Enquirer: 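Dropping a structure here in structure tokens format, bear with me for questions.
Keep in mind that this is a model prediction, so the values were computed, not measured.
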Amino acid sequence: MERPATGVTYQRFPRVKIRELKDDYAKFELRDTDASMANALRRVMIAEVPTVAIDLVEIESNSSVLNDEFIAHRLGLIPLTSSGAMGMRFSRDCDACDGDGSCEHCSVEFHLAARATDSGQTLEVTSTKDLRSTDPKVCPVDQAREYQQALGNIDPYDADPQGDHRGILIVKLRRGQELRLRAIARKGIGKDHAKWSPAATVTFMYEPDIRINEELMETLTLEEKTSWVESSPTKVFDIDPNTQQVVVSDPEAYTYDDEVIKKAEAMGKPGLIEINAKEDSFVFTVETTGALTAYELIMNAITVLRQKLDAVRLQDDDADLGELGAHL
């Protein structure tokens, strides 16, 4: 591996600034790094942060209109609370079981038993009232409030601010139809199957650097300024009602479409606006499925990325030692 010259370092110290943080949503700035690191973090959040999802389904009885494989697929896509997934073992690496059954170190068992008896009403089988976990820490995300109550973090007598949760619909049953099954949830990553991905969406954009040539802008009439501002497909610019000057109201709404630049050239005012992407500054938007909170997703992604970089560093050191040994 090629080494930097003595005294030269490529090390950078990225900075993160949280703009908005909710349970399932986060928006933050990543500065003083490059696109390779930003994209690596995005890809890790989507595909390599582990969660728990149903992976094995044993159908005992199914007289519904949906076949066994369809129901098993729907169960696998139900997001499960996965705060403890980082501490679990992958079933393929677990030495406490054969990987085919339930094990406290690598899996969680679920049960479902539903039968429709009312002839005049369709029974909705949902993740909230019918899918039961043997571990209260790993349950469908719509049962997360019950999980928090089990931990003692929520008073069971407090009203739920989110209201009544219907849950995720699994199947509908008519009179005489029945569904009974046993399911095993295991740890996995989104790279293996999308059901293990904790991210609903993760995006980042270059932070735009927008500079208005004030001298040229002052040569425009109010009507021309208004026409120029309206040429932007997104509301990036506005006109101050007091000074009648064009101001940048929302720089992050800019989509790099170049419409305002083309408009300025069409008006005979090239150079009216200069827009460049800051190549070391990125704005991330993260939405989760509920399996992890947005904060947990970001922190776990950083942990996984550091582990991968440490593995690369160790391999590099071993390779260098091998080259050195060949010359001895």
Enquirer: Checking L80 against V108 for the side chain to side chain contact (heavy atoms under 4.5 Å, CB included) test, could you report, in this order, the C-alpha distance in whole Å, the side-chain angles of both residues, the deciding distance, and whether it holds?
Expert: CA-CA 11 Å; L80 307 176; V108 178; over 6 Å; no

Enquirer: So, using side chain to side chain contact (heavy atoms under 4.5 Å, CB included) as the criterion, who are the partners of A301 when residues are at least two apart?
Expert: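 With sequence neighbours excluded, A301 shows a side chain to side chain contact (heavy atoms under 4.5 Å, CB included) to L41, V44, M45, V49, given in chain and number order.
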
Enquirer: A277: which residues meet the side chain to side chain contact (heavy atoms under 4.5 Å, CB included) condition with it, sequence neighbours left out?
Expert: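 If we apply the side chain to side chain contact (heavy atoms under 4.5 Å, CB included) test to A277, skipping adjacent residues, the hits are Y206, Y256.
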
Enquirer: Whether R19 and E29 form a salt bridge (side-chain N of Lys/Arg under 4.0 Å from carboxylate O of Asp/Glu) is what I want to check.
Expert: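 Here E29 pairs with R19 in a salt bridge, since their nearest N and O are under 4.0 Å apart.
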
Enquirer: Between atom CZ of F284 and atom CG of L30, what is the distance when rounded to the nearest 0.5 Å?
Expert: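 Nearest 0.5 Å value for the CZ-CG distance: 5.5 Å.
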
Enquirer: Taking the side chain as every heavy atom from C-beta outward, state whether I170 and D130 have any atom pair closer than 4.5 Å.
Expert: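 No - every pair of side-chain heavy atoms lies 4.5 Å or more apart.
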
Enquirer: Kindly write out the residues that satisfy side-chain hydrogen bond (donor to acceptor under 3.5 Å, both in side chains) with S36, not counting sequence neighbours, or none if the list is empty.
Expert: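 For S36 the side-chain hydrogen bond (donor to acceptor under 3.5 Å, both in side chains) partners, ignoring immediate neighbours, are D34.
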
Enquirer: Have S133 and D135 got a donor and an acceptor in their side chains that come within less than 3.5 Å?
Expert: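 There is no such pair between these side chains.
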
Enquirer: Check D142 against S127 and note the closest heavy-atom contact, atom names and distance.
Expert: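 Heavy atoms of D142 and S127 come nearest at OD2-OG, 2.9 Å.
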
Enquirer: Check this for me: does any side-chain nitrogen of one of R211 and E274 sit under 4.0 Å from a carboxylate oxygen of the other?
Expert: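 Salt bridge: no.
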
Enquirer: Taking it one step at a time, do T33 and F282 satisfy side chain to side chain contact (heavy atoms under 4.5 Å, CB included)?
Expert: CA-CA 9 Å; T33 188; F282 310 90; 4.0 Å; yes

Enquirer: Which class fits the ring pair W228 and F237: parallel under 30°, tilted 30 to 60°, perpendicular over 60°?
Expert: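 Judged by the thresholds at 30° and 60°, the geometry between W228 and F237 is tilted.
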
Enquirer: Evaluate side chain to side chain contact (heavy atoms under 4.5 Å, CB included) for T289 paired with V141, printing each intermediate quantity in order.
Expert: CA-CA 9 Å; T289 62; V141 294; 5.9 Å; no

Enquirer: Start with the C-alpha gap between V304 and M86, add the side-chain angles, then the distance that decides, and say whether side chain to side chain contact (heavy atoms under 4.5 Å, CB included) holds.
Expert: CA-CA 10 Å; V304 171; M86 291 287 283; 4.2 Å; yes

Enquirer: For a 4.5 angstrom cut-off between non-hydrogen side-chain atoms, does Q177 reach V171?
Expert: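 Q177 vs V171: side chains apart.
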
Enquirer: Given a cutoff of under 4.5 Å between side-chain heavy atoms of I, L, V, M, F, W and Y, with clusters grown through shared members, what are the other residues clustered with F90?
Expert: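 Members alongside F90: I189.
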
Enquirer: Salt-bridge test for E48 and K308: reply yes if a basic N is under 4.0 Å from a carboxylate O, no otherwise.
Expert: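 Yes.
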
Enquirer: Just how far is it from atom CD of E279 to atom CD of E207, taken to the nearest 0.5 Å?
Expert: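 The CD atom of E279 sits 13.0 Å away from the CD atom of E207.
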
Enquirer: How far does CD of Q143 sit from OG1 of T128, to the nearest 0.5 angstrom?
Expert: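 Result: 6.0 Å between the selected atoms.
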
Enquirer: Quick one: which of I78, L77, L75 gives a side chain to side chain contact (heavy atoms under 4.5 Å, CB included) with I54?
Expert: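 Only one of I78, L77, L75 forms a side chain to side chain contact (heavy atoms under 4.5 Å, CB included) with I54, namely L75.
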
Enquirer: For the residue pair F110 and V138, what are the closest heavy atoms and their distance?
Expert: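 So the minimum-distance heavy-atom pair works out to CZ-O, 3.5 Å.
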
Enquirer: Check W196 against R186 and note the closest heavy-atom contact, atom names and distance.
Expert: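 Distance-wise, the nearest heavy atoms are NE1-O, 2.9 Å.
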
Enquirer: Does the side chain of M88 reach to within under 4.5 Å of the side chain of S82, using non-hydrogen atoms?
Expert: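 Counting from C-beta outward, M88 and S82 never come under 4.5 Å.
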
Enquirer: Regarding R175 and T117, is there a side-chain donor-to-acceptor distance under 3.5 Å anywhere?
Expert: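 Absent: no donor and acceptor within the cut-off.
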
Enquirer: Does a side-chain heavy-atom distance below 4.5 Å link K263 with K269?
Expert: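 They are not in side-chain contact.
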
Enquirer: Is there a side-chain contact between L297 and V286, using heavy atoms and a 4.5 Å cut-off?
Expert: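 Sidechains of V286 and L297: in contact.
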
Enquirer: Do K262 and S231 have a side chain donor and acceptor closer than 3.5 Å?
Expert: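 Looking only at side-chain atoms, S231 and K262 do not form any donor-acceptor pair under 3.5 Å.
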
Enquirer: Are any non-hydrogen side-chain atoms of H111 and T134 less than 4.5 angstrom apart?
Expert: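 Heavy-atom side-chain distance check passes, below 4.5 Å.
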
Enquirer: Taking side chain to side chain contact (heavy atoms under 4.5 Å, CB included) as the test, write out the residues that go with R89, two or more places apart.
Expert: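 Expected list: C94, D95, A96, H105, C106.
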
Enquirer: Pairing donors with acceptors under 3.5 angstrom, does anything connect the side chains of S281 and R31?
Expert: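 There is such a pair between these side chains.
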
Enquirer: Could you list the residues that satisfy side chain to side chain contact (heavy atoms under 4.5 Å, CB included) with K22, not counting sequence neighbours?
Expert: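 Listed in chain order: E20, D24, Y25.
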
